[in-house]
Chemist: 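Before I ask anything, let me first share the structure, which is written out below as structure tokens.
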Amino acid sequence: MPLRLYNTMSSQVEDFHPLHANEVRMYACGPTVYDYGHIGNFRTFVAVDLLQRFLRQSGYKVRYVMNITDVDDKIIRNAAQAGVSVQQYTAKYVQAFLEDSALISIEPPHFVRATEHIPQMADFVARLVEKKIAYRADDGSYYFRISEFPGYGKLSKKDFSGILDGARVDVDEYDKDSARDFALWKAPKPGEASWQTPIGSGRPGWHLECSVMSMEELGESFDLHAGGEDLIFPHHENEIAQSESLTGKTFARFWFHARFLLVEGEKMSKSLGNYYTLRDLVLKGYKPSSIRYLLTSVPYRKQLNFTFDGLKQAAVSVERLRNFRQRLRSGGFPGGSNPELQALAAETLSRMQAALDDDLNTAQAQAAIFDMVRKVNSALDAHAVNTGDTAPLLAALDRFDEVFAVINDDDSAKMKTISQWALSDGREKEISAELRDQIQADQISNAAIESKIAEMEAARKARNFAVSDALRAELVGAGVIIENTKDGVRWRRK
RNA sequence: GGCGCGGUACCCAAGUGGUAAGGGAGAGGUCUGCAAAACCUUUAUGCGUCGGUUCGAUUCCGACCCGCGCCUCCA
């Protein structure tokens, strides 16, 4: 079964085959760097990351490009207000975006920046003008004449035929031939940042950036273009119009859009007070792995209701997977192998693959791994697991984590980084007790833990439970979780 | 108004024309000195409402109710 993906262009789930045999070329619209990214932004970026990981797991080489929009109206305005250059203003947020992406285990795509492709953008406009598809307005701005692109509206399923015929409202105000024509290039207003180019001075329009950079990196036709659902119109519609009217070729073959999330049942907005950045959540003490798990647990085309309760549930689910892996790794199993478990591992792999092949049904992939976890835990309790079984079972777990990326525990190190950032950024008041508690587990060394446990075990052997309980309480207080099993003590950091 | 998505147990959520995955939470139990972890049992005669098609619908069709998204700020 090949991968099947929903394509916004056809409004259908289609078989996905890349243009080039084993290579997928994909592009995602990245952040506009004027602020810290919020969890809604990251739902989209995590969804695309998951797609990219699954494509690679399926054997494709992936060329994944993401733009960083480091010039736009808001950036220019904010930079001017702050009295710094556009570059100075955006540097902080570019860095924050890279850190946040790493925080939530997004594998870095190849990043391209708008401000590093200005000459190519000007050239793109010049070629559109040559073809009479774009025109220069009196103020030096350039617009795209949508009446020149018959397919306009094909992605967003909008019909512009009525509007194109003589609807000239607002034309004077915008200096455009038609109200629907969109800006390719904006002439500078006094005091605004601008670039000198052969088509005049000014700055690129947002839509232009993505067309130019994606085609430069991936070719005139490439496999997949991704973004949040809000970008369907006008952003992606305009990209298609510009690109296809210039090249005469299909721009992107698949259009992948992630649905918006809700926060506590409502649209996230600053005015509702339910607007959260990744850093806000970590400061409250939530683990990055919990956030990633929650974001991936609902398939990308469904509305996801992001709640604190859900975040807590996600943390428990991740913990269960981590405990399971530790249990399998702890060894001490009898030789040989159990055919049922061998079959279970194989079945789990194929169930996960089938689920993700089906338009990235992450919920079903998770169900498959949890079925395996429960059955194997049962077998472990019954001493029915043999040495030869652990490798295939652990391989299935690894396969899951190649895509979901939540089992490997680097939470406390990441949380420590956020806590240090808060200190250096004057936000130490926002560091919650929960966060302090979480990062405390990193304070004590492995050797110290092992020695305490040895003491504890000696006391337990002597049936001196008062002493052993006190030692355990001490370790728990230091953020170390202790489990006494028949086969000895297992421990891990909180 | 135009276009589109969704309403499944206490919470999150998958799914199918033939009788409801998975996770969390709750209850009971097993194991254990205790705790933790793990396992077992249990929690929707019912999948927004009302009709229709069908031997049979949560799944198809229609109407209605509710929630949400886009319609040039927005992931």
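Residue numbers begin at 1 in each chain, while the letters A, B, ... track the order of the sequences.
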Chemist: Looking at A:Asn377, does any N or O in its side chain come under 4.0 Å of the phosphate oxygens OP1/OP2 on B:A38?
Modeler: no
Chemist: Describe the nucleic acid contact of A:Lys312 in one word from base, sugar-phosphate, nothing, applying a heavy-atom distance below 4.0 Å.
Modeler: nothing
Chemist: Measure across A:Leu328 and A:Thr390 and return the closest heavy-atom pair with its distance rounded to 0.1 Å.
Modeler: O-CG2, 3.7 Å
Chemist: Hey, does A:Arg259 have a side-chain heavy atom less than 4.5 Å from the side chain of A:Leu304?
Modeler: no
Chemist: Side-chain donor or acceptor of A:Arg490 under 3.5 Å from a matching atom on the base of B:A36?
Modeler: no
Chemist: Taking B:C61 as the reference, what is the distance to B:U53 when you measure between their C1' atoms (whole Å, please)?
Modeler: 7 Å
Chemist: Expressed as a whole number of Å, how far does the P atom of B:G15 sit from that of B:G48?
Modeler: 15 Å
Chemist: Can you tell me the Watson-Crick or wobble partner of B:C47, both distances under 3.5 angstrom?
Modeler: none
Chemist: If you go through the side-chain atoms of A:His257, does one of them form a donor-acceptor pair with the base of B:A75 closer than 3.5 Å?
Modeler: no
Chemist: Over how many whole Å does the gap from A:Asp230 atom CG to B:G4 atom C1' extend?
Modeler: 14 Å
Chemist: Do any side-chain nitrogens or oxygens of A:Asn484 fall under 4.0 Å of OP1 or OP2 in B:A36?
Modeler: no
Chemist: Measuring only between side-chain heavy atoms, which start at C-beta, is A:Met66 closer than 4.5 Å to A:Phe45?
Modeler: yes
Chemist: Evaluate whether the aromatic ring of A:Phe465 and the six-membered ring of the B:G33 base sit under 5.5 Å apart, centre to centre, with an inclination under 30°.
Modeler: yes
Chemist: What is the distance, rounded to the nearest whole Å, between atom CD of A:Glu229 and atom C1' of B:G6?
Modeler: 12 Å
Chemist: Starting from C1' on B:A75, measure out to CD on A:Glu239 and report it in whole angstrom.
Modeler: 14 Å
Chemist: Determine the interatomic distance between P on B:U45 and the same-named atom on B:A25; round to the nearest Å.
Modeler: 23 Å
Chemist: Does a distance-only test, which skips hydrogens and angles, find a donor-acceptor pair under 3.5 Å between the side chain of A:Gln303 and the base of B:C68?
Modeler: no
Chemist: Is there a Watson-Crick or G-U wobble partner for B:U41 with both distances under 3.5 Å, and which nucleotide is it?
Modeler: B:A27
Chemist: So which nucleotide from B:C39, B:C71, B:G23 ends up closest to the side chain of A:Gln313?
Modeler: B:G23
Chemist: Whom does B:C34 pair with, Watson-Crick or G-U wobble, provided both distances fall under 3.5 Å?
Modeler: none
Chemist: Think A:Lys158 forms a cation-pi with A:Phe233, using NZ or CZ under 6.0 Å from the six-ring centre and within 45 degrees of its axis?
Modeler: yes
Chemist: I want to verify a distance call: between B:C34, B:A37, B:G23, whose nearest atom is closest to the A:Ser317 side chain?
Modeler: B:G23
Chemist: Taking 4.0 Å as the cut-off, does a side-chain nitrogen or oxygen of A:Lys302 come that near to OP1 or OP2 on B:A14?
Modeler: yes
Chemist: Between A:Tyr286 and A:Phe308, is the ring centroid distance below 6.0 Å?
Modeler: yes
Chemist: Of the nucleotides B:C74, B:C39, B:A38, which one has an atom closest to the side chain of A:Phe260?
Modeler: B:C74
Chemist: Less than 6.0 Å separating the ring centroids of A:His38 and A:Tyr275?
Modeler: yes
Chemist: Which sits closer to the 5' end of RNA chain B, A:Pro31 or A:Val298, going by the nucleotide each is nearest to?
Modeler: A:Val298
Chemist: Under the salt bridge (charged side-chain N to carboxylate O under 4.0 Å, His left out) test, which residues partner A:Asp359, sequence neighbours left out?
Modeler: A:Arg301
Chemist: Suppose we call a contact any N or O donor and acceptor under 3.5 Å apart; does that hold for the side chain of A:Asp159 and the base of B:G2?
Modeler: no
Chemist: Test for a donor-acceptor pair under 3.5 Å between the base of B:C5 and the side chain of A:Arg301, counting only N and O atoms.
Modeler: no
Chemist: Less than 4.5 Å apart, any side-chain heavy atom of A:Asp469 and any of A:Met456?
Modeler: no
Chemist: Could you check whether any side-chain heavy atom of A:Lys452 comes within less than 4.5 Å of a side-chain heavy atom of A:Glu474, counting everything from C-beta outward?
Modeler: yes
Chemist: Would a distance-only check, ignoring hydrogens and angles, find a side-chain to backbone donor-acceptor pair under 3.5 Å from A:Arg203 to A:Trp185?
Modeler: no
Chemist: Contact class for A:Gly310 (heavy atom, under 4.0 Å): base, sugar-phosphate, or nothing?
Modeler: nothing
Chemist: Does a side-chain heavy-atom distance below 4.5 Å link A:Asp409 with A:Arg322?
Modeler: yes
Chemist: Provide the Watson-Crick or G-U wobble partner of B:A20, both distances under 3.5 Å; none if there is no partner.
Modeler: none
Chemist: Quantified in whole Å, what is the C1' atom distance between nucleotide B:A14 and nucleotide B:C64?
Modeler: 27 Å
Chemist: Determine whether a donor-acceptor pair (N or O, by modelled atom type, separation under 3.5 Å) exists between the side chain of A:Ser214 and the backbone of A:Ser211.
Modeler: yes
Chemist: Checking base pairs now: Watson-Crick or wobble, both atom distances under 3.5 Å. What partners B:G4?
Modeler: B:C68
Chemist: Please give the distance between the C1' atoms of B:U49 and B:C65 as a whole number of Å.
Modeler: 7 Å
Chemist: What's A:Asn361 touching, base or sugar-phosphate or nothing? Going by heavy atoms closer than 4.0 Å.
Modeler: sugar-phosphate
Chemist: Please give the distance between the P atoms of B:U41 and B:C55 as a whole number of Å.
Modeler: 38 Å
Chemist: Counting side-chain heavy atoms from CB outward, which of B:C40, B:G23, B:A36 is closest to A:Glu483?
Modeler: B:A36
Chemist: In whole angstrom, give me the gap between the P atoms of B:A13 and B:G4.
Modeler: 24 Å
Chemist: Which atoms of nucleotides 19-22 of chain B (N or O only) lie under 3.5 Å from a protein N or O atom, and what are those distances?
Modeler:
none

Chemist: Which whole number of Å gives the distance between the P atom of B:C12 and that of B:U19?
Modeler: 27 Å
Chemist: Counting the atoms with a prime plus P, OP1 and OP2 as sugar-phosphate, which does A:Ser468 contact under 4.0 Å by heavy atoms, base, sugar-phosphate, or nothing?
Modeler: base
Chemist: Contact class for A:Arg259 vs. all strands (heavy atom < 4.0 Å): base, sugar-phosphate, or nothing?
Modeler: base
Chemist: Report the distance from atom NE2 of A:His383 to atom C1' of B:C39, rounded to the nearest whole Å.
Modeler: 12 Å
Chemist: Map A:Ser156 and A:Leu231 onto RNA chain B by nearest heavy atom, then report which one ends up closer to the 5' terminus.
Modeler: A:Ser156
Chemist: What is the distance, to the nearest angstrom, from the NZ atom on A:Lys158 to the C1' atom on B:G2?
Modeler: 8 Å
Chemist: Give one of base, sugar-phosphate or nothing for A:Trp206, where a contact means two heavy atoms less than 4.0 Å apart.
Modeler: sugar-phosphate
Chemist: Roughly how many Å is it from CG in A:Asp35 to P in B:C73, rounded to a whole number?
Modeler: 18 Å
Chemist: Compare side-chain N and O positions of A:Lys267 against OP1 and OP2 of B:C70 and report whether any pair is under 4.0 Å apart.
Modeler: yes
Chemist: Rounded to whole angstrom units, what separation is found between the OH atom of A:Tyr6 and the P atom of B:G4?
Modeler: 10 Å
Chemist: Hey, does A:Ile232 reach any base, or is it just sugar-phosphate, or nothing, if we go heavy atoms under 4.0 Å?
Modeler: nothing
Chemist: Measure from NZ on A:Lys461 to C1' on B:C34 and round the result to the nearest Å.
Modeler: 18 Å
Chemist: What is the pairing partner of B:U58, taking Watson-Crick or G-U wobble pairs with both distances under 3.5 Å in any strand?
Modeler: none
